Amino acid sequence: MDKEVTIYDIAEKLNISATTVSRGLNNNPVINSKTREKIHAIAKDLGYRHNTIASNLRKQQSKTIGVLLHEVNSNFSTSVLAGIEKTASAAGYDLLIAHSAEDSTKEKANTKNLLNKRVDGLIVSLALNTQETDHFDFFFERKIPVVFFDRVITNSKCTKVVIDNFKCGYDATFHLLKKGYKKIAHITANLTRNVYYDRLEGYKQALKEKKISFNEDLVKICSLDKEATIEAVEELLKSKPDAFFITNDFAAAVCINLLHERGLNIPKDIAVFGFNNDVLCDLITPKLSTIEYPGMQMGEVAAKELIRQIKSNNIPKKTKTITIPSKLIIRESA
């Protein structure tokens, strides 16, 4: 294996100091233009590669942002990631991406791994079954900025980027009630996660305003995968609902398919309302009414806020919540 070319090799070739070479490679105006040109020419001839990692570590930064997602196989996650990458790249930061696969144990391991990789900051969405969040204390104690998005810590002084999940749950339910549906079933996920808890509370508030009693039998909590959703829908159909508000578009599509198999007309016999505005909403029949979840914008805002904290070395001492606007998307299913 060939030896890696260093600035000392270039310095020896030109009979100048390594410091001069380093400054020349960085186009420091202290070094005259002719010398800079010679340095760059010899560096190219020798096949010199700038060691970004070593350079950043000397500055006590890695110019790298850690991103910890709860999953990567959804339109929402990929759009958030695209927003983070767009903003980070423009600011000269690389990304180290990990995902928990909805598992708290894997989340803890990835958090420690990203810390050991010396990331300058961390952007996180919590796994579905995460209960304890003390694994993030390693970052807080070292004053390394952490920004949570979507699924966030609810009882800690940190920065959070969210939508108004309560309002979204309220708006979706109120829309169905306004259209004449009165027995609305709700399928959601682990209520320890802020997004699902807040959407359920919005659902309850809309019922309350229309003087409809909340019925626990019309609410099912599941993992929102295909098998669990089918089981939840079949159980809820025993209560003969006239509409479904489902807190995930994939699960809503599974519901629609099952209702078709039962010979039910959507929305004449029963309505379905989803959440996220995934690509599949326009591809299924009938097209799915849903809540727009602006993932790209959420990723951009989370990255901008994190980079601001990194550069200013100013981590908020109290909870800071940034709310991204979202809206109803009304289509054929409701």
Side-chain angles (χ1 to χ4, degrees), residues 1-69 80-99 108-124 135-147 158-159 299-317:
M1 184 177 178
D2 293 337
K3 176 180 174 291
E4 187 77 20
V5 176
T6 70
I7 60 172
Y8 299 101
D9 297 318
I10 300 170
E12 184 180 350
K13 195 83 173 175
L14 291 172
N15 196 27
I16 56 178
S17 72
T19 300
T20 300
V21 172
S22 178
R23 289 173 175 169
L25 289 170
N26 288 303
N27 294 315
N28 191 316
V30 170
I31 310 301
N32 69 63
S33 59
K34 287 186 178 179
T35 303
R36 292 203 304 267
E37 288 173 10
K38 288 180 182 178
I39 290 169
H40 281 287
I42 293 296
K44 185 177 180 180
D45 288 344
L46 295 177
Y48 171 77
R49 294 186 302 169
H50 179 63
N51 191 333
T52 303
I53 295 174
S55 175
N56 287 334
L57 287 176
R58 283 194 295 273
K59 299 172 187 174
Q60 294 189 317
Q61 58 180 232
S62 65
K63 295 294 284 184
T64 302
I65 291 171
V67 182
L68 181 50
L69 303 168
V80 170
L81 195 55
I84 294 171
E85 195 281 331
K86 176 184 174 184
T87 303
S89 177
Y93 286 83
D94 294 322
L95 301 183
L96 270 179
I97 303 164
H99 75 103
K108 290 177 183 178
N110 281 330
T111 301
K112 186 176 181 181
N113 185 41
L114 289 168
L115 179 73
N116 291 338
K117 297 289 187 185
R118 296 175 180 263
V119 295
D120 293 333
L122 185 64
I123 299 175
V124 186
H135 44 293
F136 296 107
D137 289 348
F138 296 116
F139 283 83
F140 299 148
E141 289 163 1
R142 290 164 175 77
K143 301 190 184 312
I144 301 171
V146 181
V147 171
C158 57
T159 301
E300 290 178 1
V301 170
K304 283 177 184 175
E305 176 60 22
L306 186 77
I307 292 167
R308 185 194 67 75
Q309 292 183 23
I310 292 170
K311 289 184 173 180
S312 66
N313 196 27
N314 182 19
I315 302 172
K317 292 184 171 67

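Remember, predicted model here, so these are calculated numbers, not experimental data. Just the heavy atoms: all of them, side chains too, but no hydrogens, waters or symmetry mates, feed the values below.
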- [ ] Heavy atoms only: give me the nearest P145-L306 pair and the separation to one decimal.
- [x] O-CD1, 3.4 Å
- [ ] Locate the shortest heavy-atom distance separating V147 from Q309; write the atom from each residue and the value.
- [x] CG2-NE2, 4.4 Å
Task: T20 vs L14 side-chain heavy atoms within contact, under 4.5 Å - done: no
Open item on the list: So which atom in A98 and which in N110 form the shortest heavy-atom distance, rounded to 0.1 Å?
Closed with: CB-CG, 3.7 Å
Task: Residue list, side-chain contact (heavy atoms from CB on, under 4.5 Å) with K86, at least two apart or on another chain - done: M296, E300
Task: Residues in side-chain contact (heavy atoms from CB on, under 4.5 Å) contact with N32, at least two apart in sequence or another chain - done: K34, T35
Task: Non-neighbouring partners of S89 that pass side chain to side chain donor-acceptor pair (under 3.5 Å), sequence neighbours left out - done: none
TODO: Using side-chain contact (heavy atoms from CB on, under 4.5 Å) as the criterion, list what pairs up with I7, not counting sequence neighbours.
DONE: A18, V21, S22, L25, Y48
Task: Student check: side-chain heavy atoms of I144 and L122 closer than 4.5 Å - done: no
TODO: Show your reasoning for whether side-chain contact (heavy atoms from CB on, under 4.5 Å) applies to R142 and L115.
DONE: CA-CA 10 Å; R142 290 164 175 77; L115 179 73; 4.0 Å; yes
- [ ] Please confirm whether the backbone N or O of R36 pairs with a side-chain atom of N27, one donor and one acceptor, at under 3.5 Å?
- [x] no
Task: side-chain contact (heavy atoms from CB on, under 4.5 Å) between I97 and I84, worked out - done: CA-CA 11 Å; I97 303 164; I84 294 171; over 6 Å; no
Open item on the list: Between N26 and N28 (side chain of the first, backbone of the second, donor and acceptor by atom type, cut-off under 3.5 Å), is there such a pair?
Closed with: no
Open item on the list: Minimum heavy-atom separation for L114 and F139, please, with both atom names.
Closed with: C-CZ, 4.3 Å
Task: Check: G24 main-chain N/O paired with H40 side-chain donor or acceptor under 3.5 Å - done: yes
Open item on the list: So, taking the atom named OG in S17 and the one named CZ in R23, what distance separates them when rounded to the nearest 0.5 Å?
Closed with: 7.5 Å
Open item on the list: Check whether D94 reaches the backbone of T64 with its side chain - one donor and one acceptor, N or O, closer than 3.5 Å.
Closed with: no
Task: Contacts of N113 that satisfy side-chain contact (heavy atoms from CB on, under 4.5 Å) - sequence neighbours left out - done: K117
- [ ] Could you tell me which residues satisfy salt bridge (Lys or Arg N to Asp or Glu O under 4.0 Å) with E305, sequence neighbours excluded, listed by chain and number?
- [x] R308, K320
TODO: Over all heavy atoms of both residues, which pair between I307 and A88 is shortest? Give the atoms and the distance, please.
DONE: CD1-CA, 4.0 Å
Open item on the list: Would you compute the distance between atom CG of L69 and atom CD1 of I123 and round it to the nearest 0.5 angstrom?
Closed with: 9.5 Å
- [ ] Supply the atom-to-atom distance E85 CD to Y93 OH, rounded to the nearest 0.5 angstrom.
- [x] 15.0 Å
Open item on the list: For F138, is the CZ atom crowded, meaning more than 12 foreign heavy atoms sit under 6.0 Å from it?
Closed with: no
